[in-house]
Undergrad: 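This structure is in structure tokens; I'll ask about it shortly.
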Amino acid sequence: MRKPMLAGNWKMNKTRDEAIQFELAVADKLPKSVDCVVCAPAIILRDLVKRAPEGLKIGAQNMHEKESGAFTGEISPVMLKDVGVEYVIIGHSERRTYYNETDQKVNEKIKKALEFGLKPIVCVGETLEEREGNKTEAVLETQVTKALEGVEISNTEDVIIAYEPIWAIGTGKNADQNTAEEACSYIRGIVEKVQSKKVADEIRILYGGSVKVNNIKDYMQMPNVDGGLVGGASLKADDFVELCNKAI
Ligand code: PGA
């Protein structure tokens, strides 16, 4: 019922030429039954959208919560829409940690993204300390509730939640499939509480954190995990193709 999604998060990697080479390399190799997305650095988005092969969707990694104004160095939802971007990652833990992105800002960004026809991929997840202190559920409850406060989801395909435990990101220590399932199922329960059963049943929830070609299938088997948000392993075209084809 929920279409699987495999979203690559390139973070601060790839020049324009490297990104175009990637697109050429994945062309004709992506499955139609999966939403295959790459979230690229803002400066190359336009080139990627223009040259995107069939079946590859393009996303940004962040956006400002206002449409325009005196915010030096920032990029607005209007600009992303203008270059033809479809998705935007909101509230990645690296943004929360290094750039003080609060739950409040995440909420504002989600609303603005939807207002301008962009589909937010909303990241939530606990730190190692929080997990060890048995606070995972409380953290997820706060993050998801605040993120979706006052958000009107008219099309459930337009909002994606990514469960990304911070201790698993870029560490090679992926959460095992049961841990991921438990958290994603818990998140679905919160969505039901703050939105509706329909939204909870239909919204896609991804797992992210050291997802690789050799473990993606473990997650896809779990009933509440609808795909992956993949950093490091999404940088190589061959691996990205394999990840997408295993995300069915
Ligand atoms: P990783 O990153 O796959 O390199 O762990 C995931 C992410 O930050 O989205």
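Both ligands and their constituent atoms are indexed starting at 1 by order of listing.
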Undergrad: Is there a path of hydrophobic side-chain contacts, each under 4.5 Å between heavy atoms, that joins Ile160 and Val122?
TA: no
Undergrad: I'd like to check which ligand 1 atoms, numbered from 1 as shown, lie under 4.0 Å from a non-hydrogen atom of His92.
TA: 7 (C), 8 (O), 9 (O)
Undergrad: Looking only at protein heavy atoms, identify the closest one to atom 3 (O) of ligand 1 and say how far it is in Å.
TA: Gly231 N, 2.8 Å
Undergrad: Within a distance under 4.0 Å of any heavy atom of Gly209, pick out the atoms of ligand 1 and give their elements.
TA: 5 (O)
Undergrad: With Phe22, which residues qualify under ring-ring contact (aromatic ring centres under 6.0 Å, His included), at least two apart?
TA: Trp10, Phe240
Undergrad: Examine distances only and state if a side-chain atom of Glu164 and a backbone atom of Gly125 form a donor-acceptor pair shorter than 3.5 Å.
TA: no
Undergrad: At what distance is the nearest protein heavy atom to atom 7 (C) of ligand 1, and which residue and atom is it?
TA: Glu164 OE2, 3.2 Å
Undergrad: Counting each atom of ligand 1 from 1 as listed, which ones have a heavy atom of Gly170 under 4.0 Å away?
TA: 1 (P), 4 (O), 5 (O)
Undergrad: For atom 4 (O) of ligand 1, what's the nearest protein heavy atom and its distance?
TA: Gly232 N, 2.9 Å
Undergrad: Are Ala168 and ligand 1 in contact, using a heavy-atom cut-off of under 4.0 Å?
TA: yes
Undergrad: One thing to verify: whether Asp239 and Lys212 come together as a salt bridge, which I'm taking to mean a side-chain N less than 4.0 angstrom from a carboxylate O.
TA: no
Undergrad: Heavy-atom distances under 4.0 Å are what count here, so tell me which part of Ile169 touches ligand 1: side chain, backbone, both or neither.
TA: both
Undergrad: For ligand 1, find out whether one of its N or O atoms is nearer than 3.5 Å to an N or O atom of Thr171.
TA: no
Undergrad: Does the Arg51 side chain pair with the main chain of Glu23, one donor and one acceptor, at a distance under 3.5 Å?
TA: no
Undergrad: How far does NZ of Lys66 sit from CZ of Phe71, to the nearest 0.5 angstrom?
TA: 5.0 Å
Undergrad: Quick one: which ligand 1 atoms are inside 4.0 Å of a heavy atom on Lys11?
TA: 2 (O), 7 (C), 8 (O)
Undergrad: According to ring-ring contact (aromatic ring centres under 6.0 Å, His included), who are the partners of Tyr87, at least two apart in sequence or on a separate chain?
TA: none
